[in-house]
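Below: one structure, written as structure tokens.
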Amino acid sequence: MSRDPRYDLLFEPVRIGPVTTKNRFFQVPHCNGMGYRDPSALATMRAIKAQGGWGVVCSEQAEIHPSAEICPFIELRVWDDQDLPMLARIADAIHTYGALAGLQLCHNGMNAPNLYSREIPFGPADLPVASSLLDPVQARAMTKGDLRDLRRWHRDAARRARRADYDLVYVYAGKLFGGPMFFLSRRYNTRTDEYGGSLENRARLLRELIEDTKEAVGDRCAVACRISVDELIGEQGLHADEARDVIAYLAETPDLWDLTLSSWDNDSQSSRFAAEGYQEPFVRGIKQLTTKPVVGVGRFTSPDMMVRMVRQGVLDLIGAARPSIADPFLPQKIEQGRIEDIRECIGCNICVSGDYTASIIRCTQNPSMGEEWRRGWHPERIRARHAEAQVLVIGAGPAGLEAAMMLGRRGYDVTLAERGTQLGGRLVRERTLPGLAAWGRVVDYRASQIARMPNVAIYRDNALSADDVLAFGAAYVAIATGSHWRRDAVSRSVLEAIPIDPQLPLLTPDDLLQGARPAAHSVLIYDDDHYYMGGVLAEHLATQGHAVTLATPAAEVSMWTRNTMEQPRIQRRLLELGVRIAPPRVLTAAAAGRIELACAFTGQCQVFESEALIMVSSRLPSNELSRALEQRAAELADAGIEHLETIGDACAPGTIAAAVFAGRRYAEELGTEPREGALPFRREVAELLPFDVRQLLGEP
Ligand code: ADP
Ligand code: SF4
């Protein structure tokens, strides 16, 4: 197959200062929770983007000095020459596959609490640091000496970027991460010297850093400026008009403009709150302010939209973080005319949670993300089957679909049996909930891939019993039968059954998803799950006209969605819909018209008069089939079953990302023997420096 000529435009080279990218696909900087802790894993992840056809592959933010580090978040560092081998390894891995390598230098300024370095943070004014964790740390106003130091550190870091062989070096003034943004901002910058006041003054530091960086590297590397085009907080923030004035003022100073919204939650909005291309109104017209190339993002996965962005003069380069995470081979698939093979980002922001929890990046759509080096997984390839064998996968939810697809790619003879008529498991119905339509792509991608595999047979409307499984006699059996919501309140806060009057109309998320509607007008949603379900159901029921109260033991609704940067938007939407949000409360008893909740702090009881209870507590694995087969373990060998495994929610209920990961892991590991005592993945342990404890403790 070859590419559709409509998309030729996307494969034109673009000059960026002294370097040229081979096409318009630009992986903008993105965090990943690996950084300095997992350098080879990071290098492999970036290299795979280059292998997949991205013309430019950038790093995450690389902290240039210990005076601005954002521990506990794990990023890169360019503190001194000790960091060079790690940085060079990443650039080299990217170059191996023909992409330009970009390093996003960053001095976080007053965003950095410096919990690791214990240096005093600094910024334009004496103010608390603007970190998301509300650290009790204040930044001090920078002196002229500090400004000189900062410029010197930035030049040094830029030189190191060049020595590590990067092609593109960033000056970062975006998302309330890059320190110079605090100088641009009127609300943070109250200085009365030449770095405060007028726009030229507030832009002085940014101008100086760009000029310094160009002087340091400009003959060999391009210099990009990443800038915020709006904070979406109106006049008090750096708003569209002002940002355009800054860009017009510095129009020709950098070699490239990289446009972002601030803060990160605005830049990387989830599909629940923003559609593909949502940044267009904010970036349209900026390209006309400069002759330099402009890159912008918007969760672009459709080549038609990408072409329109270029044709209409909105962008020169198609920026992507999440679409490149969900499908590192997106450019190559467009180039090869394989549009139907694109694994489109679903906009769930599980990838963001990897950074927020300082764990490691993960992706719902691309389970190999973050596992390229440590488990040797590749987004497109998997090794051939270990032997000719038949595999039975039971249940076509995210886990079963992923397992069947990847086993199919390995070349096994696969049978996928599903009780229902439709494929997708929990997603068959969850995708119909408000804002979750794009999540259906998890199913659509896998179903369409499997449909083209002659070695994978799908049997719908096939609820298998233990007898059926034994009679079928496949050598390998994966049970991916999912989970169901509990009817009692047992979850995190309530571990023993509490009195619930059987007369009380009580519905679980499963009941609602299967079409049940509370007969009552007033409903109370009790959410001790804390991810999306409670909030989504509140939205669903409120839009259907119910009077909804949402009670949760946490301080905020859908508390865990802080890690997907959705929490404030969810709470705002519910408040705007008139949902009553109860203060932190634990369910203690429930009867019709009398639902008792205790204050999570004092235990004091309050009665809510809602007529129905929606119980969003926790889930139980639907593992009856697994249990029944365990009981008949002695019969497995005679039935020809060599190995039986329960995967996904049927093993332990979790996120959709975890179920997809489980499916992939099953497919990857089938036919391999775990080595005795070996860890399930590789890790990189930093080299130890010479050490003499007696000398350190001052003993002779
Ligand atoms: P996961 O997230 O682990 O993939 P889901 O709950 O989304 O789990 O999907 C489980 C799927 O398994 C559902 O589509 C369900 O209909 C199917 N299923 C459950 N029990 C059986 C069974 N005995 N035979 C065939 N399919 C089953
Ligand atoms: Fe997209 Fe979700 Fe994957 Fe992030 S985790 S890249 S939002 S599919």
Side-chain angles (χ1 to χ4, degrees), residues 30-32 268-272 274 276 299 301 320-328 330 343-355 361-370 379 392-404 415-431 438-439 441-443 445-446 458-469 472 477-485 510 513 563-566 619-626 628-629 646-663 666:
H30 71 76
C31 299
N32 49 72
S268 298
Q269 292 179 46
S270 70
S271 54
R272 217 169 139 183
E276 181 180 352
R299 235 175 44 242
T301 54
R322 290 171 292 174
S324 77
I325 293 168
D327 196 341
L330 187 147
R343 199 167 43 244
E344 288 184 281
C345 166
I346 68 167
C348 62
N349 282 4
I350 280 292
C351 48
V352 175
S353 77
D355 190 56
I361 192 168
R362 61 210 60 211
C363 170
T364 304
Q365 274 286 56
N366 173 13
S368 73
M369 180 47 53
L392 172 63
V393 179
I394 306 162
L401 283 171
E402 173 73 12
T415 300
L416 176 61
E418 165 55 46
R419 182 176 59 189
T421 308
Q422 286 172 275
L423 305 181
R426 59 192 280 190
L427 275 169
V428 169
R429 294 192 174 86
E430 285 188 28
R431 68 190 295 178
W439 290 21
R441 291 171 174 181
V442 171
V443 181
Y445 167 71
R446 289 166 178 81
I458 303 177
Y459 292 90
R460 300 162 197 255
D461 302 307
N462 254 280
L464 298 194
S465 63
D467 282 339
D468 296 331
V469 176
F472 193 82
V477 179
I479 304 181
T481 46
S483 62
H484 55 277
W485 288 90
D510 291 323
L513 286 164
N563 296 309
T564 56
M565 302 192 302
E566 294 171 292
R619 286 178 284 156
L620 285 169
S622 299
N623 54 13
E624 299 77 12
L625 183 58
S626 307
L629 285 162
T646 304
I647 63 170
D649 289 332
C651 174
T655 59
I656 295 164
V660 174
F661 175 85
Y666 178 80

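Read the numbers this way: they start at 1 and go in the same order the structure lists the ligands and their atoms.
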* Side-chain contact, heavy-atom cut-off 4.5 Å: Leu464 with Leu392? ->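 Side-chain contact under 4.5 Å: yes.
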* To do: Consider ligand 1: state whether an atom of it lies below 4.0 angstrom from any non-hydrogen atom of Ser622.
  => no
* Asked: What residue and atom, counting heavy atoms only, is the protein's closest point to atom 5 (S) of ligand 2, and at what distance?
  -> Cys351 N, 3.2 Å
* Asked: How far is atom 8 (S) of ligand 2 from its nearest protein heavy atom, and which residue and atom is that?
  ->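 Looking only at protein heavy atoms, the one closest to atom 8 (S) of ligand 2 is Ile346 N, 3.3 Å.
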Taking only heavy atoms of [X] into account, list the atoms of ligand 1 that are under 4.0 Å away from them.
X	value
Gly648	3 (O)
Ala417	25 (C), 26 (N)
Ala480	10 (C), 11 (C), 12 (O)

* Ignoring angles and geometry beyond distance, decide whether Leu625 reaches within less than 3.5 Å of ligand 1 through its nitrogen or oxygen atoms. => no
* Asked: Can an N or O of Pro398 be found at a distance shorter than 3.5 Å from an N or O of ligand 1?
  -> yes
* So between Asn462, Val442, Leu401, whose heavy atom ends up nearest atom 25 (C) of ligand 1? -> Asn462
* Structure fact -> Nearest non-hydrogen contact to atom 16 (O) of ligand 1 from the set Arg619, Glu402, Glu418 belongs to Glu418
* Asked: For ligand 2, which atoms, with element, lie under 4.0 Å from some heavy atom of Ile325?
  -> 6 (S)
* Asked: Which ligand 2 atoms does Thr364 reach within 4.0 Å, using its non-hydrogen atoms?
  ->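 Heavy-atom distances to Thr364 below 4.0 Å select 3 (Fe), 5 (S).
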* atom 3 (Fe) of ligand 2 to nearest N/O/S of Cys363 less than 2.8 Å ->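 Coordinating: yes.
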